[in-house]
Trainee: 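Before we start, here is the structure in question, set down as structure tokens.
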Amino acid sequence: MPCFALVDCNNFYVSCERVFNPKLEGIPVIVLSNNDGCAVARSNEAKKLGIKMGTPFFQCKDLLYKNNGKALSSNYALYGDMSCRVIQTLQQFTPELEIYSIDEAFLSLNGFGNLTSYAKKIRSTVKQHTGIPVSIGIAPTKTLAKVANKIAKKNIAGVLDLATENMDSLLESVEVGDIWGVGYRYAAMLNKYGITNARQLRDCDDTFIKKKMTIVGLRTLHELRGESCIALELMPSSKKAIGSSRSFGKPVTDINELLESVSDYVSRAGEKLRQQNSATSAMQVYLSTNPFKNQPQYANAVSCSFPATSYTPELIRYAQACLKQIYRKGYAYKKTGILLSGFSPANAVQLNLFAEPSQDRASQKAIMSALDSINQKYGTNTVSYASSGISKIWKMLQSLKTPCFTTRWSEIPVVRA
DNA sequence: TCTGGGGTCCTAGGACCC
DNA sequence: TCTGGGGTCCTAGGACCC
């Protein structure tokens, strides 16, 4: 029987911040989404106050501050780097590991001895090497490992091997909506049929579940029964779409500022595109007003396709042309975004019969790789496109951000002894 | 005043082909 | 008045994940 362990960092973003600022220990802490909009990570103390995932900051600010809590802007450079350190530590414990998200990894523990004590060792080593607390759930399928992890989070040891438990009563204690793969819509549907906990779902009729939840739901069902259907993915697969979008710090009406924003997003996406050695042949551009505001609303999207390329200036031209198609004067816009798709390997790009002689692919490639390596070495936007603007008044707000402790020389913490 | 961003997969239905 | 059957491809929309 296969054996999976799910290692999940506790309150990951908050824990990263605490590593570099011990004053954050023991008090309610939340980390905010872009624009300091919503709470996307909460310390246990903040959870206890009743602050839910995704709560808008303006709604929980008073409660948080009244309880001596602290809010921080998100610092993705820090979290990304800390995530790498956790993964590096985990790799010492098994050769088979899947990086599932920024704060989670599935490990294969096939053939290992006493799993509970091994997991405890993993846990204490990660804490020692990185300062990050993790919880570990162990089970014969990924879905059950997720369940085990959820329960492990609640006990002191932070580790749970499902094989040591009474499955029926344990699954009965898990709400159906807490199962991996069951979102709030499916949970509501299942509840309507009287299915409220994981044991009831496990014992459902296959045909019924397939009809209501497609073969994806059926897979979940089988996994709950202990039949492994979702394999470990050891190699990260390349992306099939790359998007970039942002909400603005304040409403934008001027088309020139919107053009700057899409140009900026396209150049970010272009970097990611080249990183995975792909070329793109399709793009979608969208924009919208603020749906939370009582004001005239407008949202639209348009797609275009073109000969495969990974040359940012070309992508910027397409993006700006698309935006001009859907822009309407007189609205206060809150957000724009772009999405690249239709990928092919960059080294197998079809030559364009109608290309202008000036489009010299080799020199375009050289320019892009020079630009990418400068920005990688000296930081994002060291060199950027004129069309992305300089003022960037549409830029997002991040007033509570901590330093990039581990990724910028100038922001490294100083220890005075 | 103030409400995130980046992905994946599946299915139904329409267009199109022979 | 009567109007096939089988297949593929693409897209939009809906579900999910972190």
Side-chain angles (χ1 to χ4, degrees), chain A residues 6-9 11-13 30-41 51-62 64 71 73-76 79-80 83 98-106 142-143 146 149-150 176-190 209-220 229-230 233 236-251 261 265 268-269 272-273 276 281-282 284 286 288-295 301-303 305 332 334-343 395-400:
Chain A
L6 174 65
V7 180
D8 187 320
C9 302
N11 316 327
F12 184 55
Y13 297 169
I30 62 174
V31 173
L32 301 167
S33 62
N34 286 335
N35 273 315
D36 297 339
C38 309
V40 292
I51 299 172
K52 298 264 182 291
M53 180 73 175
T55 305
F57 186 33
F58 72 90
Q59 281 175 13
C60 58
K61 203 180 206 166
D62 289 348
L64 183 74
S73 302
S74 35
N75 182 347
Y76 287 104
Y79 312 148
S83 174
E98 171 186 342
I99 302 170
Y100 178 66
S101 74
I102 193 164
D103 69 337
E104 279 171 79
F106 285 105
K142 283 181 161 182
T143 304
K146 276 275 198 179
N149 188 283
K150 202 154 213 120
V176 89
D178 285 339
I179 300 168
W180 192 39
V182 181
Y184 78 100
R185 275 167 209 276
Y186 281 155
M189 183 275 293
L190 290 167
I209 292 301
K210 175 157 185 214
K211 193 172 153 218
K212 291 289 183 186
M213 299 170 66
T214 80
I215 65 160
V216 180
L218 192 58
R219 221 156 29 212
T220 301
C229 309
I230 308 172
E233 280 173 41
S237 48
S238 55
K239 302 200 185 316
K240 291 163 186 165
I242 296 174
S244 181
S245 65
R246 293 284 181 282
S247 295
F248 304 135
K250 51 181 164 182
S261 71
Y265 305 154
R268 287 168 203 258
K272 290 190 193 168
L273 184 72
Q276 64 165 40
S281 63
Q284 186 186 54
Y286 51 94
S288 63
T289 49
N290 187 344
F292 294 103
K293 278 204 161 167
N294 190 10
Q295 63 180 22
V302 67
S303 301
S305 54
K334 178 65 176 172
K335 181 175 181 172
T336 55
I338 64 101
L339 185 68
L340 305 179
S341 59
F343 295 166
K395 203 174 68 179
M396 60 185 185
L397 306 168
Q398 278 200 311
S399 53
L400 307 165

Trainee: Considering only side-chain heavy atoms of A:Trp180, which listed nucleotide, B:dG5, C:dC18, B:dG4, is closest?
Mentor: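 Ranking B:dG5, C:dC18, B:dG4 by closest atom to the A:Trp180 side chain puts C:dC18 first.
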Trainee: Side chain of A:Cys38: nearest nucleotide among C:dC18, B:dT3, B:dC9?
Mentor: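 The closest nucleotide is B:dT3.
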Trainee: For the pair made of CZ in A:Phe248 and P in B:dG5, what is the distance, rounded to whole Å?
Mentor: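 That distance rounds to 10 Å.
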Trainee: Within the structure shown, what part of the strands sits under 4.0 Å from A:Lys239 by heavy-atom distance: base, sugar-phosphate, or nothing?
Mentor: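 Answer is sugar-phosphate: A:Lys239 comes under 4.0 Å of backbone atoms only.
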Trainee: Whole angstroms only, please: what is the CD1-C1' distance between A:Ile242 and B:dG5?
Mentor: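 Atom CD1 in A:Ile242 sits about 14 Å away from atom C1' in B:dG5.
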Trainee: Where the side chain of A:Tyr100 is defined as all heavy atoms beyond and including C-beta, which of C:dC18, B:dC9, B:dG5 is the nearest nucleotide?
Mentor: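 Nearest listed nucleotide: C:dC18.
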Trainee: Side chain of A:Ser74, backbone of A:Tyr76: donor and acceptor closer than 3.5 Å?
Mentor: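 Here the side-chain-to-backbone pair does not exist.
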Trainee: Kindly say whether A:Cys38 contributes a backbone atom to a donor-acceptor pair with the side chain of A:Ser33 at under 3.5 angstrom?
Mentor: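 Checking the backbone N and O of A:Cys38 against the side chain of A:Ser33, a donor-acceptor pair under 3.5 Å is found.
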Trainee: Taking the side chain as C-beta and beyond, is there a heavy-atom pair between A:Lys52 and A:Gln59 under 4.5 Å?
Mentor: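 No. Closest side-chain heavy atoms not under 4.5 Å.
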Trainee: Please report the distance, rounded to the nearest Å, between CG in A:Asn294 and P in B:dT3.
Mentor: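 It works out to 15 Å between those atoms.
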Trainee: In terms of side-chain heavy atoms of A:Lys146, which of B:dC2, B:dT3, C:dC18 is nearest?
Mentor: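 That would be C:dC18.
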Trainee: Side-chain N or O of A:Thr55 versus OP1/OP2 of B:dT3: is the shortest distance under 4.0 Å?
Mentor: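 No, A:Thr55 has no side-chain N/O under 4.0 Å of OP1/OP2 on B:dT3.
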Trainee: Can you classify the ring geometry of A:Trp180 versus A:Phe106 as parallel (below 30°), tilted (30 to 60°) or perpendicular (above 60°)?
Mentor: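 The rings of A:Trp180 and A:Phe106 sit tilted, inter-plane angle from 30° to 60°.
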Trainee: Could you give the CD1-to-P distance, from A:Ile215 to B:dA12, as a whole number of Å?
Mentor: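 Value for this atom pair: 11 Å.
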Trainee: Quick one: label A:Tyr184 by what it contacts on the DNA or RNA (base, sugar-phosphate, nothing), any heavy atom closer than 4.0 Å.
Mentor: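 A:Tyr184: backbone/sugar contact only, no base atoms under 4.0 Å.
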Trainee: Measure from the side-chain heavy atoms of A:Arg246 and tell me the nearest of B:dT1, B:dG7, B:dG5.
Mentor: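 For the A:Arg246 side chain, the nearest candidate turns out to be B:dG5.
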Trainee: Please report the distance separating the P of B:dT3 from the corresponding atom of C:dC17, rounded so that it comes out in whole Å.
Mentor: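 Between the two P atoms, the distance is 25 Å.
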Trainee: Please report, rounded to the nearest Å, how far the C1' atom of B:dC10 is from the CD1 atom of A:Ile209.
Mentor: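 Spelled out: CD1 on A:Ile209 to C1' on B:dC10 is 16 Å.
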Trainee: Using a heavy-atom cut-off of 4.0 Å across all strands, would you classify A:Asn290 as base, sugar-phosphate, or nothing?
Mentor: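 Result for A:Asn290 = sugar-phosphate.
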Trainee: Whole angstrom is fine here: how far is it from CG in A:Asp178 over to P in C:dC18?
Mentor: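 In whole Å, C:dC18 P lies 11 Å from A:Asp178 CG.
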Trainee: Is any side-chain N of the basic residue among A:Glu233 and A:Lys142 closer than 4.0 Å to the acidic one's carboxylate O?
Mentor: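 No, A:Glu233 and A:Lys142 are not salt-bridged.
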Trainee: Applying a 4.0 Å non-hydrogen cut-off, can you work out what A:Ile338 is touching in the nucleic acid: base, sugar-phosphate, or nothing?
Mentor: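 Here A:Ile338 touches no strand at all.
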Trainee: Would you classify A:Phe57 as touching base, sugar-phosphate or nothing, given that sugar-phosphate means primed atoms plus P, OP1 and OP2, and contacts are heavy atoms under 4.0 Å?
Mentor: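 Contact class for A:Phe57: none.
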Trainee: Out of B:dG7, C:dC18, B:dG5, which nucleotide sits closest to the side chain of A:Lys335?
Mentor: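 Closest nucleotide to the A:Lys335 side chain: B:dG5.
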Trainee: Quick one: are A:Tyr100 and A:Asp8 in side-chain contact, heavy atoms under 4.5 Å?
Mentor: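 The answer is no; the side chains never approach within 4.5 Å.
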Trainee: Please examine the side chains of A:Ser245 and A:Lys335, heavy atoms only from C-beta on, and report whether any two atoms are closer than 4.5 Å.
Mentor: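 They are in side-chain contact.
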Trainee: Please report the distance, rounded to the nearest Å, between NZ in A:Lys250 and C1' in B:dT3.
Mentor: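 Going from NZ in A:Lys250 over to C1' in B:dT3 covers 19 Å.
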Trainee: The side chain of A:Val40 is closest to which nucleotide in this list: C:dC18, B:dG5, B:dG4?
Mentor: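 Closest nucleotide to the A:Val40 side chain: B:dG4.
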Trainee: What does A:Lys293 touch in the nucleic acid at a heavy-atom separation under 4.0 angstrom: a base, only the sugar-phosphate, or nothing?
Mentor: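 It contacts sugar-phosphate atoms only.
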Trainee: Taking for each residue the nucleotide of DNA chain B bearing the nearest heavy atom, is the 5' side occupied by A:Phe58 or by A:Tyr286?
Mentor: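 It is A:Phe58, whose closest nucleotide lies nearer the 5' terminus.
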Trainee: For B:dC18, what is the paired nucleotide under Watson-Crick or G-U wobble rules, both distances under 3.5 Å?
Mentor: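 Answer to the pairing question: C:dG5, which forms a Watson-Crick or G-U pair with B:dC18.
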Trainee: May I ask you to say what A:Ser244 touches in the nucleic acid, namely base, sugar-phosphate or nothing, with a heavy-atom cut-off under 4.0 Å?
Mentor: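 Contact class for A:Ser244: sugar-phosphate only.
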Trainee: Report which part of the nucleic acid A:Lys212 touches: base, sugar-phosphate, or nothing (heavy-atom distance under 4.0 Å, all strands).
Mentor: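 It contacts nothing in the nucleic acid.
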Trainee: Return the value, rounded to whole Å, for the distance between atom CZ of A:Arg185 and atom C1' of C:dC17.
Mentor: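 Result: 15 Å.
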